[in-house]
Structures are given as C-alpha cells and as structure tokens.
Amino acid sequence: MPEGTGPKGPVPEGPAPPAAAPTRLTRAAAEQARTVGRTTVRDTRAQDSHDTRAASVVTRRDLEERLPRSAPDALRFEPGVYVQQTAHGQGSPYVRGLTGQQTVMMFDGIRLNNSTFRYGPNQYFFTIDSRTLQRLEVLRGAASTRYGSDAMGGALLATPIDPSLELGNRRGWYGHSKAMLRSGTADGEMGGRAQLDVGWKGKVGLFGGVGYRDVGLLRSGGKVLSPATGQPVKSPLFAADGVTQRGTGFREFTADARLVYRVNDKHRLTLGYYDYRQFDAPRTDRCPPVTAPQSECLWYDEQFRTLVYGAWDVSDGPAAAETVRWTLSYQHQHERRRFDRGAESTYRIIGRDEVYSLGTGLNIATKRFELARGVDFKVHYGLDAYFDTLRSHAWNTFLDVGITTPSTSQYASGSRYLTSGLWTEATLGLFDRVELRAGGRGSLVVANAPGNLDPRVGRRPIDQTWGGGVGGGGIAVRLVDGLRWITNLDQGFRAPNLDDLTSRQATGAGQQYENPNLRPERALSLETGFRVERPRVQLQLFAFQSWIDRLITRVRFDRDQCPPDDNLCGAAVYNVTLANIAGTSHIRGLDGAVRLLLPKGFGMRATAAYTWGDGPNPVSGLEPARVPLSRIPPLNGTVEISWRHRHGMFASSALRWARPQTRLTETDKNDQRIPQGGSPGFAVLDLRAGYRLQQHALVVLVLENVTNAAYRYHGSSINGPGRGLNVLVEVGF
Amino acid sequence: MRNLALCTALMALTACPADDPNTTDSPTSDPTTDGTASTDGTATTDGTDATSTTDEPTSTTDTPTSTTDEPTSTTDPGTTTESACDGLDIPAIDESGCEPLATDYQPRTNNSADDEWPACVSDTGPYTLVDNPPSTIARIVAYENIADLLWRKADPTPADFTAARSEYVLPEGLESRLVRREDLHFPPIPEAEWDPQVDADKQCTVEALATKYAERCVGPAAMKPLVDEAFAAGQAGEGDAKIHAARIHGGLLWFLYLSVYKEANTCATVAPKDCDSAWAYYTGGEAIDAPIGMAAEVDAISGNAHERIHDGILATRCWRDIAQDGGMYPLLETLPDDQQELFAQGWEQLDQGLHRGYAVIVRDHMQQYVDASCSSADTQAHWAFLQVAGPVLNREAQDRNPAEAGKLAALWTTDAPGPDEVTDAIFALDAIFPCP
C-alpha cells in the first residue's frame with residue numbers, strides 16, 4: 001500500500017478525511033490542482049489500497065458529481081463491475097462475473113456478508129448509504145486470504161467519511177454542517193440529508209447525519225424488446241404510458257454517527273453507528289409476476305441494517321505490530337416481506353427474518369524490515385470471526401377474517417453460523433523494482449441449524465464444520481518508472497451459508513429448496529496485466545482466469561424429491577436447489593481502465609470489461625457437456641470526458657455501453673427478467689455539470705440518458721432510467 | 001321404505017352417505033402447515049404479533065356478506081311429507097347405449113387399432129408425460145387435503161377452514177391458478193383489447209378485462225369471490241359449516257373441470273407440457289384405476305364417464321405426439337389443416353367426456369338431495385353445492401337442448417326445491433347429457 005495515499009487510519013479499509021471539508025492542499029497537490037484544475041480534493045488520484053492487484057476506487061468527489069442512486073449504482077463506472085438490479089430499491093454488483101454471496105462486502109473493515117446472503121444477486125450492498133462514504137474500492141479477483149469466505153469474485157470495500165479531526169484549530173470546538181437536497185425526475189426522487197462534522201481540539205470528532213428519501217415509480221426510456229421475438233419483455237409491467245415501470249419505488253431512512261477519539265498520536269478509538277431502513281420496496285419481477293393478477297406483488301416492507309462497532313487503531317507501535325486495528329462489531333439485519341394483491345387482497349403472506357451478527361477483526365502490520373540494502377520485508381496478519389444467529393418466521397394472514405396462521409419460514413429459525421480465520425500476508429520489496437507478495441489463511445466455518453422432520457416441512461438438521469486453507473501471492477515488477485507488470489495468483493473460497501443450507505424461497509429460476517449437503521466452493525484466480533501511473537496517464541489492463549471447483553449453482557430437482565407432504569414444493573412450476581457442480585468452471589476475461597489528465601482541466605476516463613464463463617452441465621450426462629454460467633455480464637464499458645475549472649465549475653459527459661449478452665444458461669432462459677434470446681446491447685449518455693464553492697456550496701445537475709434509450713443491464717428486472725434530470729444541492733455552514 | 005329402496009338402488013353407484021367411509025372418516029390434519037411453529041412455538045407468537053401490526057384487518061366488519069346467500073329456507077326435513085316423495089323414481093345411470101363416435105380416439109379398444117387415429121404414444125394405455133411431472137399434481141393433492149378437512153368431514157371446524165385455506169393459498173397452489181382461470185367455452189377477449197404486456201392466455205389477469213368479460217374470466221370474476229367468501233364464513237364460524245364446505249367443493253370442482261379443458265387447449269397453443277397438466281388436473285397424476293381429485297369423484301359414479309374423459313385426455317396427448325417434429329412440438333397455428341382438425345376432434349372428445357363426467361357429479365348430488373329430502377336428513381349442504389356447481393352446465397345445456405336446459409336453469413334459482421322438482425331436473429340433465 002502506498003503510504004500517504006490511503007486512508008488516515010492505519011489499515012487499508014480505514015477511513016479517509018472528507019473531501020468536501022475545508023482543505024489545505026499540500027504543495028504537490030496545490031501544484032497539481034493548478035495544472036489539472038482540481039481544486040477541492042486532496043487525494044488527486046484515486047489510489048486503491050491494493051495497488052498490486054486489479055483494483056479501482058470511487059472517490060467522494062465521484063459520488064458527488066455522478067449522483068449515483070445507491071452504493072451499487074456508484075460502481076457502474078468501475079472496470080469489471082456490472083450492476084444488476086432485481087428492483088429499483090436493490091442492486092447487486094457483479095465483479096468479474098460473480099455477485100452476491102460470491103463477493104465480499106466490507107464496511108470500514110467490518111464484514112457485511114452474513115449467513116443469509118443468497119445465491120445470485122442480492123440487495124444488501126444497497127443498504128450502504130452512499131452519502132456516508134468517503135470511498136468505494138473494488139478489488140477484482142479472488143481475495144480470501146485477506147477477506148475470508150465469499151471473496152471469490154472480488155471484494156467491495158466501503159470506507160466511511162471520518163470526522164475532520166485535523167482540520168480545526170487546536171484550542172477548542174469547531175464544526176461544519178451541511179444540508180443536502182436531492183431530486184430526480186425519472187423516479188420522482190425527493191430526499192435529503194443533514195450532516196454535522198464537529199470536533200474538539202483535534203482530539204475528538206463526531207461526524208453524523210440523518211437522511212431520508214422518497215423514490216417513486218421509475219420511468220424508463222421504453223420497453224426493451226426480446227431479440228428472439230421482437231416483442232417487449234414481459235417483466236416488468238408498465239403503466240399505461242408505456243414507460244413507467246410498476247413495481248418500483250421505495251422509501252429510505254438513514255442515520256449514522258461516527259465518533260473518533262484520538263487518545264494520542266498512537267492510539268485512536270472509533271465508535272460507529274450506521275443505520276439503514278428501507279420501506280415498501282417491491283421486488284419488480286414479482287410485482288406482478290408475468291402470469292399473475294396485476295395487483296399481485298411481493299414487497300420488501302422493511303429492509304433494515306444496523307451496524308454498530310468500535311475500532312481501536314494503533315500506529316507507530318513496536319516492530320511486530322507497527323499498526324494495529326481491532327474491531328468489534330454488532331450488526332442486525334432485518335427483512336420483512338409481504339405478498340398480497342393490493343387493496344382487494346383477501347390474504348397476505350408475510351415472512352420476517354432477523355440476523356444478528358457479532359464480529360471481531362484484528363488487523364496488524366509489522367514495520368517494514370530492511371533485510372538488506374534494497375530489500376525490505378513487511379507482514380500483515382490478523383484474525384477475524386463473525387457469528388450469526390438467525391430468527392425466521394412466516395405466516396399467513398387472512399384479511400377478511402383477521403386470522404393469522406403460521407407457515408413454513410424461509411430459514412430454519414434458531415440457526416447459527418460462524419465464519420472465522422487466521423491470516424497472514426507478507427510483502428518483499430526488492431530494489432524498489434520488484435514486490436513479491438505471499439500469504440495464506442486458515443479458516444473455520446461452522447453451520448448449525450435445527451431440523452424439522454414434520455413431513456410437511458421436511459427440513460433436516462445441519463451440523464457442519466468446514467476447515468481449510470487458502471493462499472495467494474503475486475509479483476509486481478516496475479519495468480520503467482510508472483509502468484508495472486503485475487501477476488497475481490490468489491485463491492478464494494466460499495463455505496455454504498445458511499441461505500444455501502436451509503432456505504426456501506421463490507427465486508427467478510423457481511422455488512428454491514435447501515441443500516444441507518453442500519460443500520465449500522473454491523476459486524483460483526490468475527491475473528496478469530499492467531499498471532501505468534504517470535502524471536497524466538493512469539492505466540490498468542488485466543487478463544484474468546478463474547478456475548472454480550465445486551461451483552455452487554442452482555439446479556432443478558424433480559418433485560419426487562420434495563418433502564413428502566410439502567405441497568408448496570410440489571406446486572412450484574420449477575423446483576431448484578443449490579448444488580456443487582462436479583468439475584471445474586471457468587471465468588475468464590479482460591478488464592481495464594485508462595484515465596488521462598489533460599491540460600486546461602480536461603480529463604478522460606474509459607473502462608471496458610469482457611467476461612466469459614462456462615461450467616459443466618449441471619445435469620450430468622446431458623449435452624452440451626459444458627454450458628454458460630448464469631448471468632455473466634456482456635462486454636461492457638464506460639467513457640467519461642470531464643472538465644473542471646479552478647473556480648469550482650465542472651462538467652462532464654459519460655457514456656455507458658454494453659454489447660448484447662446471448663450466452664444464456666437454462667435457468668437464464670427460464671428467467672422472466674432476461675429477454676428471450678438474451679439482453680440487447682445499449683449505449684446511454686449522461687451529461688453532468690456543477691459548481692463547487694469549496695465547503696460552502698455544491699450544485700450538481702445530471703441529465704441522464706440523454707437519448708432516452710430503453711435499456712436493461714443483463715439480468716435486471718428493471719429497465720434503466722429514461723431521460724431525466726437529477727439535481728443535488730448542498731449548502732455548508 | 002322408499003328411501004331405503006332408493007338408497008339401495010343407488011348403492012352401487014353413489015353409496016349412501018352413512019355408508020360412505022369418506023363421509024364418516026374425519027382426517028384430523030393439523031391446521032398448521034408450519035412445522036417450525038410446532039417445534040418452537042415462536043412462529044405462532046410471531047403470527048400473533050403480526051395481527052397486531054399492519055397485517056391486522058382494519059375492520060372485522062369485512063366478514064363476507066355472502067354467507068347470507070346460503071339457503072335459508074330449505075326444506076325442513078321434518079315437514080317433508082311421505083307424499084312428496086311418492087312416485088319418485090330416479091333411474092340408475094345407464095350408459096350402456098352410449099357409443100363412441102367414429103372419430104373418437106379409443107385406446108381401450110384394441111389399443112386404438114380400430115379407430116381413425118394414427119398410431120401414437122397413448123395407444124398402449126397409460127398416460128405418457130410430455131415433460132417432468134407437472135406441478136398440477138400438488139394442487140390436486142391440496143384439493144384432496146381440503147376435501148378431507150371440509151366436505152368429507154362431518155363437522156368441519158373454523159380451524160379446519162383455516163387449515164384448508166392455507167392449503168388453498170399456497171404459493172403456486174390452487175388459488176394462484178383459480179384467480180386467472182378462463183372458461184374457454186366462452187368467446188375469447190377480443191385481441192384488440194388485449195394488454196400487450198400480458199400473454200394471450202393470461203389476459204384475465206388484467207382486472208379490467210376480467211370484469212368486462214366475466215364469463216370468459218370466470219376464475220377472477222366468479223370463482224374467486226365465491227370460494228373466498230365461503231372460506232371466510234367457515235373460518236369465522238358463521239352459519240352452517242357444511243354449507244360453506246359444499247360451496248368450496250363446488251367452486252373447486254368447477255375450477256378443475258374447466259382446467260382440464262383449458263390445459264388441453266394450451267397444450268396445443270402455448271406449451272406442450274400443458275397436456276400433462278390437463279391429465280393431472282383430472283387424475284391428480286395417478287393411474288386411471290386409482291385416481292384422486294375430480295377423476296375419483298367421476299369414477300365413483302360412472303366408471304364409463306371416467307374412462308371416456310381419460311380417453312379424451314389421451315386423445316390430446318396422442319395428437320401432441322403425432323404433431324411433433326423430431327421431438328419438437330410445433331404450436332397449433334403453425335400446423336397444417338389436417339393436424340388442426342385432428343386436435344379439434346380430440347379436444348371435442350374430451351369436452352364431451354368432461355360434460356358428462358361433470359354432469360354425473362351434479363346428478364349424484366341431486367340424487368343425494370332427493371334422498372336427504374325424503375329421509376328427513378339435512379339438504380342444505382347438498383343444495384349449496386348444487387347452486388354453485390349446477391349453473392356451470394347452463395351454457396352447454398342451452399346449446400344442446402334449450403327446453404330441458406330451461407328446467408335446469410330454473411331449478412338452480414330456487415331456494416329450496418322439492419324432491420320432485422329435483423327429480424324432474426335429473427331427468428332433464430340425463431336428457432341433455434346422456435353420454436360421455
């Protein structure tokens with residue numbers, strides 16, 4: 001990790017100072033600001049904390065100027081990331097062809113993945129309020145050595161805004177408050193946030209805020225046509241105007257507080273609280289399903305996540321522990337689903353799940369030892385453990401008589417899950433030209449779930465323990481100044497979680513049943529490429545290949561395998577379960593990004609990613625022997641051209657594009673979200689402009705989808721927003 | 001004596017209620033389908049919580065008012081006079097004179113070698129699936145479970161109704177299909193009015209169309225409110241539980257009858273595997289000699305009608321086998337005229353069988369009504385069933401024999417017909433639907 005470019009905390013995932021706060025530019029930064037027109041951001045380059053890996057960063061400034069609707073939406077301009085949306089209030093980033101539980105999400109070094117993260121896209125990254133983030137880093141490729149289970153496709157590392165400890169005077173209180181108002185025409189969004197950043201003598205700082213937004217039905221550019229039929233895709237259902245998508249919209253409340261106490265120059269304590277509450281978010285592809293009455297809908301009534309944690313940071317410690325970060329966290333995820341048919345509904349099916357996670361993580365780095373002249377050595381090591389307990393309930397309410405009766409819950413209530421590990425990673429620097437990295441992790445995962453042998457339920461108890469190790473390493477060679485050749489070979493793994501092992505739920509592919517016999521899936525990820533870091537050029541280009549053994553994927557099963565008296569199973573059009581596929585699946589591709597810092601305040605950035613995946617046919621013996629992996633993103637990319645003036649004006653244009661994706665697996669073909677014949681390609685142009693008056697004001701206008709294109713990210717239930725204007729107004733005091 | 005004689009005469013066909021093991025057998029299925037709740041009890045608590053939050057109905061006055069529709073002035077068994085039943089002689093079902101049409105598919109006769117149909121997969125007898133076993137089977141199992149809880153039970157309790165309704169509303173279960181069921185006997189919704197976002201065979205999911213074309217969209221327009229109201233009344237413990245059970249029985253049987261016909265059509269026009277659904281809606285996925293669901297009810301009354309319906313199902317399956325192209329199943333509209341005509345022939349054969357099969361069930365309940373009237377037994381549940389199931393035949397009856405159809409139609413509007421009226425209607429029914 002390049003010193004000085006990462007977060008202020010001692011570990012890569014630690015916080016960084018807010019970009020929008022009052023700034024005092026370093027001499028170098030001031031010079032660069034003068035030459036490239038950047039006036040407000042101290043980190044002139046979006047440095048990733050894993051600079052010998054394929055990684056990229058979304059900065060606070062990017063968030064403020066692109067106006068993403070959510071944390072997943074903020075990643076649309078990152079190479080190798082493709083964001084799928086099952087609903088307007090949900091979003092799931094694909095990283096190198098994998099998503100959801102096959103990627104890991106971290107918030108300030110705290111693991112967000114819990115044991116109910118389901119297969120395929122999920123909504124949980126959406127529960128991070130992008131307005132609280134200083135930066136979002138995407139680490140592409142397997143990374144289980146550092147991040148443990150699930151880090152097969154990559155890691156999503158969110159870093160919150162820190163209080164501005166170092167910016168005030170040293171003699172008393174100081175503070176900065178901000179009010180934000182945001183609106184969008186495509187979905188009628190109206191919301192805002194009030195934010196406070198106060199401190200005392202540079203020792204204590206508090207950063208916090210509350211936010212709310214009300215998001216309406218999303219208007220698209222029109223209907224997307226299925227290539228195979230020329231007919232509009234059946235899902236979602238459109239209103240009479242042909243552009244407004246039913247089954248969209250939601251409400252959201254957020255609150256956060258971050259208290260930092262700098263004990264002394266070496267010790268720092270942080271207490272964080274992040275609360276996300278989303279209400280009334282329909283799952284678009286089931287509002288209604290294509291075959292059901294049009295009033296039918298599955299709602300996520302409540303999607304809450306509360307994270308509370310403490311962190312102790314030590315810097316300038318002894319050689320064996322020069323920096324230390326220890327975290328202790330508690331996270332509560334609450335989800336309440338409701339199925340009904342609107343006002344006329346005579347019954348309602350409710351499901352409620354609670355996941356309580358206790359976690360701890362210890363992340364230590366030694367000092368950089370000088371082994372010999374030009375040879376240095378540094379070790380990172382640590383441990384982490386996260387323990388989940390799960391409560392799950394479901395019931396039917398007959399509204400016309402006011403009678404409620406319990407039904408089979410989505411998960412086995414009372415289940416417990418532990419994921420833990422010890423890890424170490426060492427880097428060896430050779431003559432300022434070569435950096436070698438090697439490390440490994442030993443993991444222990446325990447899953448325990450009560451059974452229910454009632455023939456109408458037929459859930460088997462689970463008592464599984466998986467242990468094992470993964471490793472990884474890499475080499476980065478500086479060929480010439482600013483040009484490095486990088487090759488990494490890293491393992492990833494994902495132990496089955498409680499969703500895989502116990503869940504019963506409706507999915508796009510059919511009614512899913514648990515498989516208590518799953519085994520961990522493992523990935524080996526090889527990447528090689530170049531990174532260029534020159535004053536006016538940044539480039540990264542990687543080729544990658546992942547071999548995934550025992551890939552867990554959905555397969556159909558016959559009804560004669562249903563629990564004997566479970567009519568829900570028998571009645572489903574398709575029943576699916578998760579299964580380890582024998583053999584090796586492959587994901588390979590290219591991804592990269594280039595950024596040019598041009599004179600006169602101009603800049604350009606472009607990304608592109610190509611991913612190709614295939615694996616053994618889940619039905620052994622069936623031809624073809626190998627089939628595409630589900631929902632692999634098509635060739636896609638972005639282009640942004642920007643200009644900014646030292647006085648605070650800025651403008652940019654942004655193009656997102658994707659080629660058609662016609663490689664579909666069988667479950668894709670049965671998925672109503674995916675057009676028959678595959679998802680068409682698209683090109684969407686956004687125009688942005690704004691003005692920043694240092695910490696006092698920020699006004700941003702984004703005219704999105706200028707051509708009003710009808711488009712859909714592959715695998716999504718919703719079409720992208722049609723032409724519309726998004727506005728952000730921030731006023732600081 | 002007359003009652004005994006009548007009962008004896010009917011024994012072989014319908015069995016007297018008191019002797020029917022199904023009637024006296026009262027399965028006591030646990031009303032909860034949630035084993036989780038039964039093990040830890042938390043779900044029940046949770047459910048209780050739910051009723052106290054937004055899930056709770058806002059008004060208990062929402063209790064359906066349809067319960068007032070139940071017959072309130074039916075024949076008082078105590079007042080049925082001996083003379084009222086004098087001379088009533090309901091003949092046993094006699095289909096001995098019925099002959100298949102020359103154009104019918106006849107797999108039970110020399111494995112179809114003597115009929116006009118080309119050789120096909122159905123010739124050897126048992127139904128051969130087009131695809132995997134259909135999900136329909138679970139719906140018929142649910143139907144059986146509901147039957148055990150309600151109309152096969154002597155005195156269903158409110159808890160039984162709740163348990164039965166839980167079966168009914170299972171995701172992808174009976175209710176999910178009932179609310180979109182079309183009666184293909186009625187003219188289709190004009191294409192100009194279709195919602196282009198909705199599949200052609202799902203237009204009744206559009207509320208405005210369901211309201212406008214209520215006869216075609218019989219599921220959402222008629223069946224759903226009928227069944228919902230009966231369930232609600234039973235759950236609320238209002239009125240006579242057996243009446244509510246009978247109305248549910250009638251509504252679901254109506255649904256099954258139309259579903260067999262509908263799926264046989266969409267097997268040709270939409271999805272080949274719907275042939276399997278047609279078969280399963282009728283037999284519950286069981287063999288012809290041990291069916292469940294509607295088939296069991298037909299078979300108990302008329303084995304011949306049952307077999308003829310099964311022949312009709314095999315006819316559509318046979319057609320699907322003939323009308324394939326190297327394992328692919330082209331849809332009807334793409335096939336040559338002779339193939340289309342052959343399908344129409346098989347589908348019509350099935351329709352004829354279904355009419356007769358459904359009619360014998362109605363006839364059986366009419367007989368039970370007469371028997372109950374003449375033996376001082378309760379008639380209300382029988383009449384509740386008939387008021388739901390009987391009018392279903394009006395359209396076809398009107399087409400076939402308007403004069404006799406008028407008698408039937410008039411009967412269904414009666415609150416409490418006398419046994420003689422019902423007996424007359426049985427003759428009318430036999431005249432209209434003599435053969436499968």
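Only this structure's heavy atoms are used, side chains among them; waters, hydrogens and symmetry mates stay out. Labels below follow one simple rule: chain letters A, B, ... track the order of the sequence lines, proteins then strands, and each chain is numbered from 1.
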Q) Would you find more than 12 non-hydrogen atoms of other residues, nucleotides or ligands less than 6.0 Å from A/Glu344 atom CD? A) no

**Q.** From B/Thr205 atom OG1 to A/Leu237 atom CG, the distance as rounded to the nearest 0.5 Å
**A.** 8.5 Å

Q. Yes or no on side chain to side chain contact (heavy atoms under 4.5 Å, CB included) for A/Thr346 and B/Lys224, after CA distance, side-chain angles and deciding distance?
A. CA-CA 10 Å; A/Thr346 54; B/Lys224 182 183 185 307; 4.0 Å; yes

Q. Taking B/Asn132, B/Ile140, B/Val179, B/Leu174 one by one, which has the highest count of heavy-atom pairs under 4.5 Å against chain A?
A. B/Val179

**Q.** Interface moiety of A/Arg391 toward chain B, non-hydrogen atoms closer than 4.5 Å
**A.** neither

**Q.** Worked check of salt bridge (charged side-chain N to carboxylate O under 4.0 Å, His left out) between A/Arg341 and B/Glu207
**A.** CA-CA 11 Å; A/Arg341 296 211 181 94; B/Glu207 190 176 346; over 6 Å; no

Q: Please round to the nearest 0.5 Å and tell me the distance separating atom OH of B/Tyr168 and atom CZ of A/Phe398.
A: 10.5 Å

Q) What option among B/Arg180, B/Glu172, B/Lys273, B/Gln235 has the most heavy-atom pairs under 4.5 Å with chain A? A) B/Gln235

Q | Pick from B/Gly173, B/Ser176, B/Pro171 with the largest number of heavy-atom pairs that fall under 4.5 Å of chain A | A | B/Pro171

Q | Heavy-atom pair count under 4.5 Å with chain A, highest-scoring of B/Pro158, B/Ala138, B/Ala210, B/Ser135 | A | B/Ser135

Q | A/Tyr347/B/Asp228 under side chain to side chain contact (heavy atoms under 4.5 Å, CB included): CA gap, chis, key distance, verdict | A | CA-CA 10 Å; A/Tyr347 71 97; B/Asp228 279 347; 5.9 Å; no

Q. So which heavy atom on A/Val401 is nearest to which on B/Ala232, and how close?
A. CG1-O, 3.2 Å

Q.
Only pairs of heavy atoms separated by less than 4.5 Å count here; which of B/Val141, B/Val169, B/Thr136 has the most with chain A?
A. B/Val169

Q. Are there more than 12 heavy atoms of other residues, nucleotides or ligands under 6.0 Å from atom CZ of A/Arg246?
A. yes

Q: May I have the step-by-step check of side chain to side chain contact (heavy atoms under 4.5 Å, CB included) for A/Thr291 and B/Arg177, ending in yes or no?
A: CA-CA 9 Å; A/Thr291 59; B/Arg177 299 305 191 268; 5.9 Å; no

Q) Using a heavy-atom distance cut-off of less than 4.5 Å, which residues of residues 195-202 of chain B contact chain A? A) B/Asp195, B/Pro196, B/Gln197, B/Val198, B/Asp199, B/Lys202

Q. Side chain, backbone, both or neither: which part of A/Phe238 has a non-hydrogen atom closer than 4.5 Å to chain B?
A. both

Q. Above 12 or not: heavy atoms from other molecules or residues under 6.0 Å from CZ of A/Arg460?
A. no

Q: Heavy-atom distances under 4.5 Å only: say whether B/Pro134 touches chain A with side chain, backbone, both or neither.
A: backbone

Q) Should we say atom CD of A/Glu354 is surrounded by more than 12 heavy atoms from elsewhere, each under 6.0 Å from it? A) yes

